[in-house]
Amino acid sequence: YYLMEEKQDRSIIKSVFEMRVLSMSGYMPDLTMCANCGKFSDTRMNFVLTKGQLICSDCSKRQLGTIELNSDVLAALRYTVYAEFNKMFSFTLSNKNKKRLTRITEQYLLHCVDKNLKTLDFYNRINTEWHRYLEEVKWKGVIMDKQKYYKNLELNIILKKLSEMVDCDDAKDIILN
């Protein structure tokens, strides 16, 4: 619904989905307070990816492998995990912070599942292509049709994969043309 109606940014939907699925699967991170000293907020909180815990800036000096969170990203991360269903998108972020949130939730997901996810790779490839297309369109000043572009991009990727799997050159020509 949120994607179809464009009620929320794709990256936010993805981050919320990742954190909700992880939480329901038993990988809910503890984002309530510093795991060491109990501090709820600080000028800079850090997320310990390997433990799914927060630590404050004082305690992070003794901890390796942390990801720094500003207050906006921390609040959004808490929303993705703890907010009621009808309020889980009740936050806004700058583009820079959306990228941070996306990077953090994706890293945590990959750490928890401990394997490469083909669908995530596919999503990231399409997303990269989409941003490339946006820059091209912006440069040319052309009005874009997102749904048409996505359908064409997905079709081209699928056709390319099929052509790589087929050994016969004639079949490849048919698939690609």
Next on the checklist: Determine whether Lys14 and Glu106 satisfy the following criterion, side-chain contact (heavy atoms from CB on, under 4.5 Å), listing intermediate values before the conclusion.
Outcome noted: CA-CA 9 Å; Lys14 178 182 166 290; Glu106 191 171 305; 2.9 Å; yes
Checklist outcome for this item: Sequence neighbours excluded, the answer for salt bridge (Lys or Arg N to Asp or Glu O under 4.0 Å) partners of Arg103 is none
Next on the checklist: Under a 3.5 Å distance rule, please check whether Ser15 uses its side chain to pair with a backbone N or O of Ile12 as donor and acceptor.
Outcome noted: no
Next on the checklist: Under the rule for side chain to side chain contact (heavy atoms under 4.5 Å, CB included), what residues qualify as partners of Thr80, not counting sequence neighbours?
Outcome noted: Val16, Met19, Leu77, Phe91
Checklist entry - Same hydrophobic cluster for Val81 and Phe85, using side-chain heavy-atom links shorter than 4.5 Å among ILVMFWY? => result yes
Item to check | Cluster companions of Val21 among Ile, Leu, Val, Met, Phe, Trp, Tyr (side-chain spacing under 4.5 Å) | outcome: Phe17
Next on the checklist: So which atom in Cys34 and which in Cys56 form the shortest heavy-atom distance, rounded to 0.1 Å?
Outcome noted: SG-N, 3.3 Å
Next on the checklist: Tyr82 vs Met28, test: side-chain contact (heavy atoms from CB on, under 4.5 Å). Steps then yes/no.
Outcome noted: CA-CA 10 Å; Tyr82 300 126; Met28 180 185 284; 4.1 Å; yes
Checklist entry - Under 6.0 Å from the six-membered ring centre of Phe47 and within 45° of its axis: does the NZ or CZ of Arg100 meet both? => result no
Checklist outcome for this item: Output for pair (Gln53 CD, Leu31 CG), nearest 0.5 Å, gives 10.0 Å
Checklist entry - Between CG of Leu22 and CZ of Arg20, what distance do you get to the nearest 0.5 Å? => result 12.0 Å
Checklist entry - Does some side-chain heavy atom of Thr50 sit less than 4.5 Å from a side-chain heavy atom of His111? => result yes
Checklist entry - How many angstroms lie between atom OG of Ser41 and atom CE of Met45, to the nearest 0.5 angstrom? => result 7.0 Å
Checklist entry - After noting the C-alpha distance and the side-chain angles of Val48 and Leu54, does the key distance pass the side-chain contact (heavy atoms from CB on, under 4.5 Å) rule? => result CA-CA 6 Å; Val48 184; Leu54 288 178; over 6 Å; no
Checklist entry - Which distance, rounded to the nearest 0.5 Å, do you find between the OG1 of Thr102 and the CD of Gln107? => result 11.0 Å
Item to check | Asp42 side chain to Ser57 backbone, donor-acceptor under 3.5 Å | outcome: yes
Checklist entry - For Asn97 and Asn70, what are the C-alpha separation, side-chain angles and deciding distance, and is it a side-chain contact (heavy atoms from CB on, under 4.5 Å)? => result CA-CA 9 Å; Asn97 284 335; Asn70 63 35; 2.9 Å; yes
Checklist entry - Closest approach of Leu93 and Val73, non-hydrogen atoms and distance? => result CD2-N, 4.3 Å
Next on the checklist: For the backbone of Leu74 and the side chain of Asp72, can you confirm whether one donor and one acceptor N or O come within less than 3.5 Å of each other?
Outcome noted: no
Next on the checklist: Any non-hydrogen side-chain atom of Lys118 less than 4.5 Å from a side-chain atom of Leu120?
Outcome noted: no
Checklist entry - What are the two closest heavy atoms between Met33 and Arg78, and how far apart are they? => result N-NH2, 4.4 Å
Checklist entry - Got Cys37 and Asp58 here, is their nearest side-chain heavy-atom distance under 4.5 Å? => result no
